[in-house]
Each structure stands twice: as structure tokens, then as C-alpha cells.
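Note that this is a predicted model, so its numbers are computed, not measured. Basis for what follows: all heavy atoms, side chains included, without hydrogens, waters or symmetry-related copies. Throughout, residue positions are numbered sequentially from 1 according to the sequence presented.
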Amino acid sequence: MRRFTSLEARIDAAAHVVLDRLPAHGLYGAAVEFVVFGLKQGWACLFGGAMLVLIIGTRLLWPDASIISRYDFLFLAALGIQLAMLGLKLETLSEARVILIFHVVGTAMEIFKTGAGSWVYPEESFFRIAGVPLFSGFLYAAVGSYLARVSRIFDMRYTNYPPFWTTVALAVAIYVNFFAHHFVVDFRIVLFAATALLFLRTTVHYRVFRFRHRMPLLVGFLLVSLFIWFAENIGTWSRAWLYPGQEDGWTPVSIHKLGAWYLLMIISFVLVTLVHRPRSLDDEKDEIAMDREPVAETPSKVEAVGLSSRET
């Protein structure tokens, strides 16, 4: 997996011209790592951040007399952003495939959940399926885009990663439970326990600038879920969608939704690993060893002629 697109490689080279001159250790060195971490996280959130800006902007500035609906504009704008990111080499084709998968999986869940009354889209639109505006699928795609990009940009490696088939089975079980709990017992607690059992010993190792850092993968899931919950509060405030009880006036999204997003994070992460398979930290050591292994030099034409003349 290439760490950077061609454009990102040029940006990285330009950044190194400045960053390589800065201190590597001590307080200043830590500050450099922190700033670079924030900048790279923002870059990984490029698609999701653009969607959030559009949602807020249309909430504040959308004209009532517009010839298209707000939801349709969000759908067309999201599609345009996606095409622009591909055209400008801000995203890889594999990441675009991840976004497409998320759009399909997310839209299917949206159709079921809105039919069950879990949330509603209060505005009209032309681009919709069964009452679900198509821009909503891009909200799930934004999560997939972030996870795919952050894995690549931070060159994430893992130790004690569980067998791949077990993570796929867990993701399928979580996805089924999102539908099935409307009809049978909610197995959410069991799924939380299974998640802890599989990933408790898993550590993610990520490269910021000069150094690799590490974090328990479960903590990473929780932090990302928390930021998604914050974004969801912005989304409901902007009336992009509404939960029951928010129709007459905005109220913060229940903190209990954090659990649902935590489980959705597992699905999202596993879907990304279908495209970018998890790499172990030992793989990096092997790659470094291969890079350092001396390679026999091919003799030049002059040397080859001299060698052949000596042999004769």
C-alpha cells in the first residue's frame, strides 16, 4: 500500500524542507510531533470535514427560494467533492471503492432505520430512496474515507491483531444486530464483550513524523466514535436529520448513541481492512531489512568489456 498519492508526496517533501530543520527531541520536538499529528488528522478528515462545512453552511445560508432542495445540493456537492478528490490525486482509487461500499451499506441501514422511526429527514428532496436522501450515504462514506486515509497516511501497523476471519464475523454480527434488535433481543452487550475479547491485546503503531507512537486499538475506536458523536450533534443541530424529540427544538444527542457509533466503528474498520489488509509491525522490520540488504551492482559496459577481454 502506497503511503502517499503523488500530490501528497510532493506536499510531504515540501513539508520536510521546513520540518527537518526543527528540533527532534525535548519539548520542542514533542510540539512538532503534535502539530504534525493534528495536520495529518485534518488531512485524513478532508472528505468528512468538507461534508460538515456544507451541512453547517446550508443550515445557515440556504435560501428558501432555491430551485433545488438543500438535500439534493448536498448530494450533488458530495459527489463533486468525491470526483475532485480523485481527479486532484487527493484520494486513491482503493479509497474511492471503500466510500462506495460504505455508501451502499449505509443507505441500506438508513432505509430500514427511518422506516422503523429511529430518525427522520424533515426536508424534501428529489434524489432519495424510500424517504432517505442519497446524501446520507455519504455521511457513512465520510467515516470510511477517514479510516482508509488515516491508515495510509499514518502508515498504521498492528501487534496482536486477531485472525482476520474473526473480525469479519464480528462485523457481520454487529450489522445484523442493528436490524434484528427491532424484532428480537438486543445482543449489544454480547457484541461489546466480543469486541473487547478480540481487540483487547491489539495495539496500533502509527508514524507521525520522526517517530512511531502506539495506542490500544480499542482506545482508538473510542476516540474516533467520540468525534463522530460530536459531528452527529452538529448534524442534528443543522436539521440534516432529526431524532425523536428533536422536531420541536434541538437537544443534544443522547450519550447512549456513543455505544452505537462504537459498534459502527468496528464495522467501518473491518470494511476498510477488506481493501487495506492490516499489516503487522514485524512486516515493517522485514521491509527495512530488505531495503538495507546490499544489492550486487551490475558492471558497467566498460567494466564488462574489460572483464571479457581478461577472460579471453
Side-chain angles (χ1 to χ4, degrees), residues 1-5 8 40-55 74-75 77-86 89-113 129 132-156 158 164 167-168 170-172 174-176 178 195 199 204 206 217 220-232 234-235 240-241 257-258 260-279:
M1 178 178 63
R2 293 178 59 187
R3 188 177 178 192
F4 300 123
T5 65
E8 289 172 342
K40 286 188 173 182
Q41 284 286 348
W43 187 253
C45 291
L46 189 60
F47 184 77
M51 285 297 298
L52 202 59
V53 168
L54 285 172
I55 287 173
L74 289 173
F75 168 67
L79 194 59
I81 292 170
Q82 178 61 72
L83 293 175
M85 288 180 67
L86 279 172
K89 307 297 184 183
L90 300 176
E91 185 176 73
T92 66
L93 283 174
S94 63
E95 288 164 359
R97 288 196 293 270
V98 168
I99 286 179
L100 178 60
I101 293 170
F102 270 78
H103 201 292
V104 173
V105 171
T107 301
M109 184 183 294
E110 287 284 327
I111 292 171
F112 178 84
K113 287 290 190 178
I129 300 175
V132 176
L134 293 186
F135 90 88
S136 65
F138 281 107
L139 302 178
Y140 294 88
V143 177
S145 173
Y146 166 76
L147 289 174
R149 289 167 63 80
V150 80
S151 297
R152 174 173 58 82
I153 293 169
F154 283 90
D155 189 25
M156 290 185 172
Y158 303 90
F164 186 70
T167 64
V168 174
L170 176 62
V172 171
I174 292 172
Y175 191 69
V176 169
F178 273 122
T195 300
F199 293 107
V204 56
Y206 56 97
L217 186 57
F221 288 157
L222 179 61
L223 291 175
V224 175
S225 302
L226 185 61
F227 278 100
I228 295 174
W229 180 77
F230 288 141
E232 189 177 32
I234 295 173
W241 69 93
K257 290 291 182 182
L258 187 61
W261 279 112
Y262 189 85
L263 291 177
L264 186 65
M265 273 297 307
I266 308 299
I267 298 175
S268 305
F269 179 77
V270 173
L271 282 175
V272 169
T273 63
L274 295 177
V275 178
H276 297 319
R277 291 299 177 92
R279 295 175 296 170

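For CZ of Phe164, the number of neighbouring non-hydrogen atoms (other residues, nucleotides, ligands) closer than 6.0 Å is greater than 12.
Glu110 is not listed as a side-chain neighbour of Leu139, based on a closest heavy-atom distance of 4.5 Å or more. In this structure the side chain of Leu263 reaches within 4.5 angstrom of the side chain of Phe178, judged on heavy atoms. For the pair Leu258/Tyr262, no side-chain contact is recorded, criterion being any heavy-atom separation below 4.5 Å from C-beta on. Here the side chains of Met265 and Leu222 are not in contact, with every heavy-atom distance at 4.5 Å or above. In this structure, the side chains of Leu52 and Ile234 come closer than 4.5 Å at one or more pairs of heavy atoms. Counting heavy atoms from C-beta outward, Leu274 and Ile101 have side chains that stay 4.5 Å or more apart. With contacts defined as side-chain heavy-atom distances shorter than 4.5 Å, the pair Met109/Tyr140 qualifies. The closest side-chain heavy-atom distance from Val105 to Tyr175 is below 4.5 Å.
Residues Ala148 and Val272 approach most closely at CA-CG1, 3.8 Å, considering heavy atoms. Considering all non-hydrogen atoms of both residues, Gly48 and Ala142 come closest at CA-CB, 3.7 Å. Scanning all heavy atoms of the two residues, the minimum distance from Ala171 to Ile267 falls at O-CG1, 3.8 Å.
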### Working for side chain to side chain contact (heavy atoms under 4.5 Å, CB included), residues Arg279 and Asp155
CA-CA 9 Å; Arg279 295 175 296 170; Asp155 189 25; 2.8 Å; yes

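A donor-acceptor pair under 3.5 Å is formed between the side chain of Thr273 and the backbone N or O of Val270. Without hydrogens or angle criteria, Ser151 side chain to Leu147 main chain gives a donor-acceptor distance under 3.5 Å. No donor-acceptor pair under 3.5 Å is formed between the side chain of Tyr158 and the backbone N or O of Leu217.
The aromatic rings of Phe221 and Phe199 sit perpendicular to each other, their planes meeting at more than 60°, with 30° as the lower class boundary. Classification of the Phe154-Tyr206 ring pair by plane angle, with boundaries at 30° and 60°, yields perpendicular.
Distance check: Tyr146 OH to Ser268 OG gives 12.0 Å after rounding to the nearest 0.5 Å. The distance from atom CZ of Arg149 to atom CG of Leu46, rounded to the nearest 0.5 Å, is 5.0 Å. Atom CZ of residue Phe135 and atom CH2 of residue Trp241 lie 7.0 Å apart, to the nearest 0.5 angstrom. Considering CD1 of Ile174 and CD1 of Ile266, their distance stands at 5.5 Å, rounded to 0.5 Å. For the atom pair Ile228 CD1 and Leu264 CG, the distance stands at 6.5 Å (nearest 0.5 Å). Once rounded to the nearest 0.5 Å, the distance linking CG of Leu74 with CD1 of Ile55 reads 6.0 Å.
Sorted by first then second residue, the side-chain hydrogen bond (donor to acceptor under 3.5 Å, both in side chains) pairs that include residues 97-106, not counting sequence neighbours, are His103-Thr107.
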